[in-house]
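Quick note on labels: first sequence line is chain A, next is B, and so on, each numbered from 1.
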Amino acid sequence: MPELPDVEVYRRRLEGGALHRAVAGVHVAAPDLLQGTSPQGLGRALNGRSFTAARRHGKYLFAVHDGDGALVLHFGMSGVLVTVSAKDEAPDYTRCVVEFTDGGRLAYSAPRKLGLIALAGSVEEFIRDRDLGPDALGLDADTLERLASGRRGGIKSWLMDQGTMAGIGNVYSDEILFQAGIHPRRAVKALEQAGFEGLQGAMDKALHGAIEAAAEPARMPADFLLPHRHDGGHCPSCGTALEHLQAAGRTAWHCPRCQRD
DNA sequence: AGGACGCCCTGTTCGC
DNA sequence: TGCGAACAGGGCGTCC
């Protein structure tokens, strides 16, 4: 379930391990993941180039290269990005590999092929074309208020709407609502009374906390919902058995005591 | 406009 | 034991 924190971890991995190395070739094992290009097109765009920057917007990762463009990666719900040394094996379900001239590789692995691999002229152009909202990391309370104004409907689907803000999916919308003490069925309108500072703080805590934990549930702060978000899980704050309901077509886990309807 | 729903995809888990 | 249904969910399309 790569959402903003997971993709930020991949971004740092890309930045720390795959910049300024010449691309020797690109191998695509799952061409159906390519959108708007082909294995040959990817090769033409990337061969001989080097990645110069790793950027992220929402759940999209951009490997910007020195040929005035970017490789775009989206991870669907099961994708991972790893760097692999010359002598190591790429992971199972590797769908695309960028090979560098030094023998090292960048591997995109995804058991469920729900992600996408594409090329973009620029990060900004891609964001515009996809109608993505501002990145969810670092939004201030005033911006949240502006994004909520005139919005009808549920708060969970609003948080997950990539056109409103980019990066939050089912898992982290649950975490944010838990940290904010807001029931998943509440309307966006209810935020007007509560104020946006609380939501802003919850978003900051959930997203930054998860990134600091490298998006690994086992390393997350003790008061995070995420590690308990399963059958038989209990609220880390009050111990009440967690419940789930359907909201915005997704399973919304919450604490019935801490998140009042 | 926004919600409900189905589809894609495939490994895992559960029920009969 | 074994098979198949249900489930996980990001993103998109359709319908209401």
Worksheet item: Is L71(A) reachable from V23(A) through a run of hydrophobic residues whose side-chain heavy atoms are each under 4.5 Å from the next?
Response: yes
Practice prompt. Look at the side-chain N and O atoms of T251(A) and state whether any lies under 4.0 Å from the OP1 or OP2 oxygen of dC7(C).
Written response: no
Practice prompt. Classify the nucleic acid contact of S157(A) as base, sugar-phosphate or nothing, counting any heavy atom under 4.0 Å across all strands shown.
Written response: sugar-phosphate
Discussion item. Considering every strand and a 4.0 Å limit on heavy-atom distances, what is the contact class for G154(A): base, sugar-phosphate, or nothing?
Written reply: sugar-phosphate
Worksheet item: So does E192(A) pair up with K189(A), basic N to acidic O under 4.0 Å?
Response: yes
Discussion item. Between K113(A) and dT10(B), is there a contact of a side-chain N or O with OP1 or OP2 at under 4.0 Å?
Written reply: yes
Item to complete: Return the minimal non-hydrogen interatomic distance between R219(A) and E212(A), and the atom names on each side.
Response: NH2-O, 4.3 Å
Practice prompt. May I ask you to list the residues sharing a hydrophobic cluster with F62(A), side-chain cutoff 4.5 Å, ordered by chain and number?
Written response: Y60(A), V64(A), V72(A), L116(A), V123(A), F126(A), I127(A), L132(A)
Discussion item. Rounded to whole Å, please give me the gap between CD in Q246(A) and C1' in dG2(B).
Written reply: 17 Å
Worksheet item: Salt bridge or not for R11(A) and D6(A), using N-O below 4.0 Å?
Response: no
Discussion item. If I take atom CG in residue D32(A) and atom C1' in nucleotide dC9(B), what distance separates them, rounded to the nearest angstrom?
Written reply: 9 Å
Worksheet entry | Per-nucleotide protein contact string for nucleotides 10-16 of chain C (B base, S sugar-phosphate only, - none; heavy atom under 4.0 Å) | BBS----
Practice prompt. Please check if M77(A) and L81(A) belong to a single hydrophobic cluster, counting links between Ile, Leu, Val, Met, Phe, Trp and Tyr side chain heavy atoms closer than 4.5 Å.
Written response: no
Practice prompt. Could you tell me whether G249(A) contacts a base, only the sugar-phosphate backbone, or nothing, with contacts defined as non-hydrogen atoms closer than 4.0 Å?
Written response: nothing
Enumerate donor-acceptor pairs with a distance under 3.5 Å from any side-chain N or O in residues 103-112 of chain A to protein atoms, sequence neighbours excluded.
unit_1: R105(A); atom_1: NH2; unit_2: S85(A); atom_2: O; d: 3.0
unit_1: R105(A); atom_1: NH2; unit_2: D88(A); atom_2: O; d: 2.4
unit_1: Y108(A); atom_1: OH; unit_2: H74(A); atom_2: O; d: 2.7
unit_1: S109(A); atom_1: OG; unit_2: D92(A); atom_2: O; d: 2.8
unit_1: S109(A); atom_1: OG; unit_2: Y93(A); atom_2: O; d: 3.4

Worksheet entry | With D135(A), the side-chain hydrogen bond (donor to acceptor under 3.5 Å, both in side chains) member among R56(A), H57(A), K59(A) | R56(A)
Discussion item. Enumerate the salt bridge (charged side-chain N to carboxylate O under 4.0 Å, His left out) contacts for residues 174-185 of chain A, please, sequence neighbours excluded, ordered by first and then second residue.
Written reply: K156(A)-D174(A), D174(A)-R229(A)
Discussion item. Before we go on, tell me: are the rings of H228(A) and H234(A) under 6.0 Å apart, centre to centre?
Written reply: no
Worksheet entry | Protein-nucleotide distance (K156(A), atom NZ; dG2(B), atom C1'), rounded to Å | 16 Å
Worksheet item: Which atom names give the shortest non-hydrogen contact between M220(A) and A213(A), and what distance separates them?
Response: CG-CB, 3.6 Å
Interface polar pairs with nucleotides 12-16 of chain B, N/O, under 3.5 angstrom:
none

Worksheet item: Taking atom P of dG3(B) as reference, at what distance in whole Å does atom CD1 of I155(A) sit?
Response: 12 Å
Worksheet item: If an axis is fit to five pairs at each end of the helix from dG2(B)-dC16(C) to dC16(B)-dG2(C), what is the angle between the two, to the nearest 10°?
Response: 60°
